[in-house]
Amino acid sequence: MNGAKSLLQDLDDAIARGTDESRAKALWHATDILITGRYSDDEISMFGEVIGRLADEIEVAARAQLSEVMSACDHAPLNVIEKLALDDEIEVAGPVLRDSTRIDEKMLVESAMTKGQAHLLAISQRQSLGEAVTDVLVKRGNQEVVTSVAKNEGARFSGSGLLHMVRRAEGDSILAEQLGLRKDVPRHIFQQLIAKASEDVRRRLETERPEMMAQIQSSVTGVTGDLQSKFGPSSRSYFVAKRVVTTQYRQGNLNQDSISNYARQHRFDEVQIGLSLLSSLPVDVIERALMDRNREMILVLCKALDFSWDTTMSLLFLGAKDHLITARDLQDNEREFGRLKIETSRSILKFYQSRKTGAGAETATGRQPELQIH
């Protein structure tokens, strides 16, 4: 520690009284010593102070060279990495934005929020990217940036980020195909993408993702308007579903996860019976809520049951015609769901339930309804 401190003091003195040439030599000398040695965090921090001071006084070409070196150093001083990452010159910022393991998500987001498209492109090429970073890239990035991040197998996207990508893929066959090839795109997002893609893109994705296309094809062969006649209460399948779900409910195993799984499997009977049991609302009310084009009732029901947005979204897709919803409508629904308050939603359901009770409606259990919040 003392040896490194003494060396850095000598370098600091040389900086103070040296020429541009001697400062450049001091920079590379300090950098070489840092890279080849083993130092404590405090010592690395001291190196950072010296290297940072020198970096402020060198030309773009030299800073770019420094960035190349620092991007490959797994113990590069954090202050130097930050200085290089936020440099306006892409030749300087690019190497650390693409490759440095020392740069954190906060720094990446700051760069993505404040710098130009070349900086965003460099970030999009990192080995791994978190959702906070990709959210910025897909909103601020140009076509090249968005396509690049769609190709990046190490990138992770939030639900809203994926929906934004789907919207941007409209009319952009390259982006649509890249997004469709991603293995982490959930089926409901893939459905949105296919609905808006060109015929050429659909054919290519059918070749590349046959398993996903087969699922989509089977899910849209019948419209949801047919569900009512096909799976109505008079059918044998309905009574089988009622027996299974009621048993599950009595054993205490019917919950949000059960409803979500049924919805994703397009098991309409199980969903409407399960929701009826959990909310103690009549089955016909649940059915209308699921299939009504006005999604307010199903949003209120899900909020009252304290369901997550993911579960709510699966129910929206289940009840939608052809199980498809436009990205804009889905965003509007998510916004509305976020604004709803649990207590207000429960009050609305109790009021609606009281009207049904007066009319003698029955739930899937055959009992008079009384809202049960689980």
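Predicted model only: the values in this text are computed from it and were never measured. The figures that follow rest on heavy atoms only: side chains count, while hydrogens, waters and symmetry mates do not.
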How close do [X] and [Y] get, counting heavy atoms only, and between which atoms?
| X | Y | result |
| --- | --- | --- |
| Ser345 | Leu340 | OG-CB, 4.0 Å |
| Ile90 | Ala118 | CD1-O, 3.5 Å |
| Gln117 | Asn142 | OE1-N, 2.7 Å |
| Ile81 | Ser100 | CD1-OG, 3.6 Å |
| Ala155 | Asp184 | O-OD2, 3.9 Å |
| Gly161 | Asp135 | CA-OD1, 3.7 Å |

Value rounded to 0.5 Å, distance of [atom1] in [X] from [atom2] in [Y]:
| X | Y | atom1 | atom2 | value |
| --- | --- | --- | --- | --- |
| Leu290 | Leu301 | CG | CG | 8.0 Å |
| Leu318 | Met313 | CG | CE | 13.5 Å |
| Lys303 | Lys341 | NZ | NZ | 8.0 Å |
| Gln248 | Ile273 | CD | CD1 | 11.0 Å |
| Arg328 | Asn333 | CZ | CG | 13.0 Å |
| Arg202 | Glu199 | CZ | CD | 4.5 Å |

Sidechain-backbone polar pair: [X] side chain, [Y] backbone, donor-acceptor under 3.5 Å:
| X | Y | result |
| --- | --- | --- |
| Arg102 | Ala76 | yes |
| Thr246 | Lys242 | yes |
| Thr247 | Arg243 | yes |
| Glu270 | Ala263 | no |
| Ser67 | Arg63 | no |
| Arg209 | Gly180 | yes |
| Thr311 | Ser260 | no |
| Arg156 | Glu131 | no |
| Glu208 | Leu181 | no |
| Lys115 | Leu86 | yes |

Please answer: with hydrophobic residues joined when any side-chain heavy atoms are less than 4.5 Å apart, are [X] and [Y] in the same cluster?
| X | Y | answer |
| --- | --- | --- |
| Val109 | Val149 | yes |
| Met297 | Met291 | yes |
| Met70 | Leu78 | no |
| Ile174 | Phe157 | no |

Would one find more than 12 heavy atoms of other residues, nucleotides or ligands at under 6.0 Å from atom [atom1] of [X]?
| X | atom1 | result |
| --- | --- | --- |
| Glu105 | CD | yes |
| Gln143 | CD | no |
| Arg339 | CZ | yes |
| Glu144 | CD | no |
| Gln265 | CD | yes |
| Ile342 | CD1 | yes |

Is the shortest heavy-atom distance from the side chain of [X] to the side chain of [Y] under 4.5 Å?
| X | Y | value |
| --- | --- | --- |
| Ser111 | Ile123 | yes |
| Gln256 | Ser308 | yes |
| Val285 | Pro282 | yes |
| Ser279 | Ile286 | yes |
| Ile259 | Arg267 | no |
| Lys106 | Glu110 | no |
| Leu316 | Asp329 | no |
| Thr326 | Leu330 | no |

Can you check side chain to side chain contact (heavy atoms under 4.5 Å, CB included) on Val185 and Leu193, steps first, answer last?
CA-CA 10 Å; Val185 171; Leu193 185 67; 5.9 Å; no
Go through the structure and list residues passing side-chain contact (heavy atoms from CB on, under 4.5 Å) with Ala72, not counting sequence neighbours.
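Here no residue qualifies.
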Among residues at least two apart in sequence or on other chains, which ones pass side-chain contact (heavy atoms from CB on, under 4.5 Å) with Glu153?
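For Glu153, no residue satisfies side-chain contact (heavy atoms from CB on, under 4.5 Å) once neighbours in sequence are set aside.
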Sole candidate of Thr147, Leu137, Val138 that passes side-chain contact (heavy atoms from CB on, under 4.5 Å) when paired with Ser124
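Result: among Thr147, Leu137, Val138, Leu137 is the only option passing the side-chain contact (heavy atoms from CB on, under 4.5 Å) with Ser124.
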Between Val201 and Ser198, is a side chain to side chain contact (heavy atoms under 4.5 Å, CB included) present by the stated rule, with each step listed?
CA-CA 5 Å; Val201 170; Ser198 68; 3.3 Å; yes
Test item: side-chain donor near acceptor, [X] and [Y], under 3.5 Å:
| X | Y | answer |
| --- | --- | --- |
| Gln331 | Ser160 | no |
| Asn152 | Gln125 | no |
| Ser258 | Asn261 | no |

Would you call [X] and [Y] a salt bridge, taking side-chain N to carboxylate O under 4.0 Å as the test?
| X | Y | value |
| --- | --- | --- |
| Glu206 | Arg203 | no |
| Asp99 | Arg126 | no |
| Glu177 | Arg204 | yes |
| Asp284 | Arg288 | yes |

Below 30° counts as parallel, above 60° as perpendicular, anything between as tilted: where do the rings of Phe337 and Trp309 land?
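Phe337 vs Trp309 ring planes: tilted.
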Step by step, would you call Leu275 with Val283 a side chain to side chain contact (heavy atoms under 4.5 Å, CB included)?
CA-CA 8 Å; Leu275 288 176; Val283 174; over 6 Å; no
Derivation and outcome, side chain to side chain contact (heavy atoms under 4.5 Å, CB included), residues Asp292 and Ile298:
CA-CA 9 Å; Asp292 196 339; Ile298 193 64; over 6 Å; no
What pairs with Phe307 under ring pair (Phe, Tyr, Trp, His ring centres under 6.0 Å), at least two apart in sequence or on another chain?
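Partners of Phe307 by the ring pair (Phe, Tyr, Trp, His ring centres under 6.0 Å) criterion come out as none, since no residue qualifies.
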